[in-house]
Amino acid sequence: MRVIISGGGTGGHIFPAIAIANALKAADANTELLFVGAEGKMEMEKVPQAGYKIHGLWIAGFQRGKIMENLALPIKILNSLFSSFAIIRKFKPDVVVGVGGYASMAVVFMAQMMRIPTVLQEQNGYAGMTNKFLAKRAARICTAYAQCEQFFPKDKITLTGNPVRQDIVTIANKHIEGCYEYQLDPLKKTILVIGGSLGAKTINESINASYDMFNEQQEDIQVLWQTGKNNLDSYLKQPVAKLPNVKILPFLAKMDLAYAAADVVISRAGALSISELCLVGKPVILVPSPNVTDDHQTKNAEALVAQNAAILIKDVDCQAVLMQNVISLLQNKEACKNLSTNISSLAKPTAAQDIATVIINSKK
């Protein structure tokens with residue numbers, strides 16, 4: 001079987017795509033795989049690191065408010081369509097998979113015009129523009145949220161969840177190991193703060209402003225705080241960084257152990273993060289980023305809140321109320337138990353394998 005996987009631009013598209021590729025290879029080692037992404041984007045580095053070939057298209061998304069940057073967009077679109085046609089004709093795929101992002105638009109659209117079966121993977125609770133456009137001609141659409149029926153033909157949807165890193169699936173009985181890894185006290189309640197590899201400014205500022213609270217509760221509470229690589233130096237100079245119960249790092253290399261050490265998690269609400277948090281099963285407070293297309297992080301978070309599986313705090317309210325909510329939650333065992341139970345019920349640990357099965361069954 002020969003499969004093209006297209007898309008990228010962010011880790012939320014790339015890492016699920018690699019997980020799907022790995023699952024296809026696990027199902028049949030003879031599967032031939034080719035990735036297609038956007039030139040200059042992170043997939044051009046991450047995909048080869050995972051051991052797969054990738055072609056880059058000269059393509060970019062529409063830049064809101066940037067007229068000059070958009071002048072070349074029609075030329076880029078035409079170029080990417082011609083390039084996609086050439087790639088498909090040469091590789092001769094049985095199925096083309098789109099994981100979202102503007103890089104997948106040209107490849108999947110061209111495959112559909114060439115009558116090659118296509119499968120879409122939608123990570124978010126609010127479908128992206130690319131997948132909505134391509135859905136009508138897709139053979140199957142794999143979604144992470146049930147409410148995606150409002151965007152796609154119901155008879156084409158398979159609810160699979162989002163693929164996540166395999167080590168996240170197995171964090172049970174790693175609490176002591178996690179605390180040891182990050183030099184935490186296993187007897188204290190641990191607040192894990194994650195805002196992505198670049199950090200989340202509002203969340204970081206809220207933690208930084210909570211010196212008095214953390215200082216007063218040194219005997220009971222500790223913080224494992226991922227600031228992001230762009231913010232570490234500035235926060236290390238702040239008083240909160242000098243507290244013995246606050247551990248600051250730019251990046252958490254062993255994410256499974258960080259989750260295992262945590263009692264409560266503070267996070268953005270990206271699709272990949274939420275899929276991991278469902279598997280982790282810890283009480284979580286979500287602070288959706290307001291700086292994403294269609295405000296899809298808020299919609300992701302609202303899907304969990306509707307099932308009492310998470311607490312949502314708006315970015316604009318974060319600094320005023322975040323830490324009070326965290327402390328209140330830590331002190332409420334019943335609320336923590338309910339949140340853990342409900343978010344765990346949404347987990348899809350076999351998502352990558354399930355999507356691979358859909359792709360295999362879509363072959364003519």
Side-chain angles (χ1 to χ4, degrees), residues 10-12 64-65 122-129 144-148 150-151 162 189-214 221 223-228 230-231 234-235 238 240 246 259 262-278 280-332 335-336 338-340 342-343 346:
T10 67
R64 289 180 174 83
E122 177 55 58
Q123 293 99 3
N124 293 293
Y126 189 87
M129 181 179 68
Y145 295 90
Q147 67 266 34
C148 280
Q150 64 183 298
F151 306 111
N162 285 324
K189 295 290 185 182
T190 301
I191 301 167
L192 172 62
V193 183
I194 48 177
S197 59
L198 299 179
K201 182 179 179 182
T202 309
I203 295 176
N204 283 340
E205 289 177 349
S206 299
I207 302 302
N208 185 52
S210 301
Y211 172 88
D212 290 340
M213 189 176 296
F214 295 144
I221 291 172
V223 184
L224 178 56
W225 177 14
Q226 178 185 279
T227 61
N230 294 342
N231 303 289
S234 62
Y235 289 114
Q238 301 299 318
V240 70
V246 177
Y259 281 133
D263 292 282
V264 168
V265 182
I266 300 170
S267 175
R268 287 300 201 191
L272 195 58
S273 295
I274 285 185
S275 295
E276 290 187 354
L277 291 165
C278 289
V280 168
K282 299 291 178 78
V284 59
I285 294 179
L286 298 171
V287 185
S289 170
N291 305 312
V292 294
T293 305
D294 296 322
D295 197 25
H296 68 249
Q297 285 204 9
T298 295
K299 296 175 177 68
N300 291 345
E302 287 173 345
L304 268 64
V305 171
Q307 300 185 63
N308 192 28
I311 294 171
L312 187 160
I313 293 178
K314 292 181 180 180
D315 190 84
V316 69
D317 300 327
C318 184
Q319 197 156 338
V321 304
L322 176 62
M323 289 318 304
Q324 293 92 321
N325 276 267
V326 173
I327 300 302
S328 177
L329 181 58
L330 280 172
Q331 295 171 345
N332 190 332
C336 286
N338 289 337
L339 287 170
S340 294
N342 294 336
I343 199 169
L346 304 175

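The distance from atom CG of L224 to atom CD1 of I266, rounded to the nearest 0.5 Å, is 11.0 Å. For the atom pair T298 OG1 and L286 CG, the distance stands at 10.0 Å (nearest 0.5 Å). With rounding to the nearest 0.5 Å, the separation of CG in L329 from CD1 in I285 is 5.5 Å. For the atom pair OG (S267) and CD1 (I194), the distance works out to 4.0 Å, reported to the nearest 0.5 Å. Separating the CG atom in L346 from the CD1 atom in I274 is a distance of 10.0 Å, to the nearest 0.5 Å. The distance from the CD1 atom of I327 to the CG atom of N332 is 13.0 Å, given to the nearest 0.5 Å.
Side-chain contact between N308 and L339 is present, with at least one heavy-atom pair separated by less than 4.5 Å. Under the 4.5 Å side-chain criterion, counting only non-hydrogen atoms from C-beta, Y235 is not in contact with I207. At a threshold of 4.5 Å between non-hydrogen side-chain atoms, the residues Q307 and N342 do not count as touching. A 4.5 Å side-chain heavy-atom check between M323 and F214 finds at least one atom pair inside the cut-off.
Salt-bridge check for D315 with K201: failed, with every basic side-chain N at 4.0 Å or more from each acidic carboxylate O.
Counting all heavy atoms, side chain and backbone alike, L192 lies closest to Y259 at CD2-CD2, 3.7 Å. Annotation for K314 and L312: closest pair N-CD2, 3.8 Å, computed over non-hydrogen atoms. Considering every non-hydrogen atom in both I343 and K282, the closest pair reads CG2-O, 4.0 Å. C148 and G125 get closest at one heavy-atom pair: SG-O, 4.0 Å. Across R268 and S273, no two heavy atoms sit closer than the pair O-CB, 4.3 Å. When all heavy atoms of Q226 and N204 are compared, the pair lying nearest together is O-OD1, 4.0 Å.
Applying the side chain to side chain donor-acceptor pair (under 3.5 Å) test to S210 and every residue at least two apart in sequence or in another chain returns nothing. Listed by chain and residue number, nothing satisfies the side chain to side chain donor-acceptor pair (under 3.5 Å) test with Y145 (two or more places apart in sequence, or in another chain).
For E122 (side chain) and G128 (main-chain N/O), a donor-acceptor pair under 3.5 Å exists by modelled atom type. N300 contributes no side-chain N or O that, together with a main-chain N or O of G270, makes up a donor-acceptor pair within less than 3.5 Å. Proximity of a side-chain donor or acceptor of Q297 to a complementary backbone N or O of A269 within less than 3.5 Å is detected. Of the possible donor and acceptor atoms, one in the side chain of N325 sits under 3.5 Å from a partner among the backbone N and O of V321. Judged purely by atom type and a 3.5 angstrom limit, S340 uses its side chain to pair as donor or acceptor with the backbone of G281.
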- [ ] Go through the steps for D263 and I221 under the test side chain to side chain contact (heavy atoms under 4.5 Å, CB included), then give the verdict.
- [x] CA-CA 10 Å; D263 292 282; I221 291 172; over 6 Å; no
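Annotation for K299: atom NZ counts as buried by contact number, over 12 foreign heavy atoms lying within 6.0 Å.
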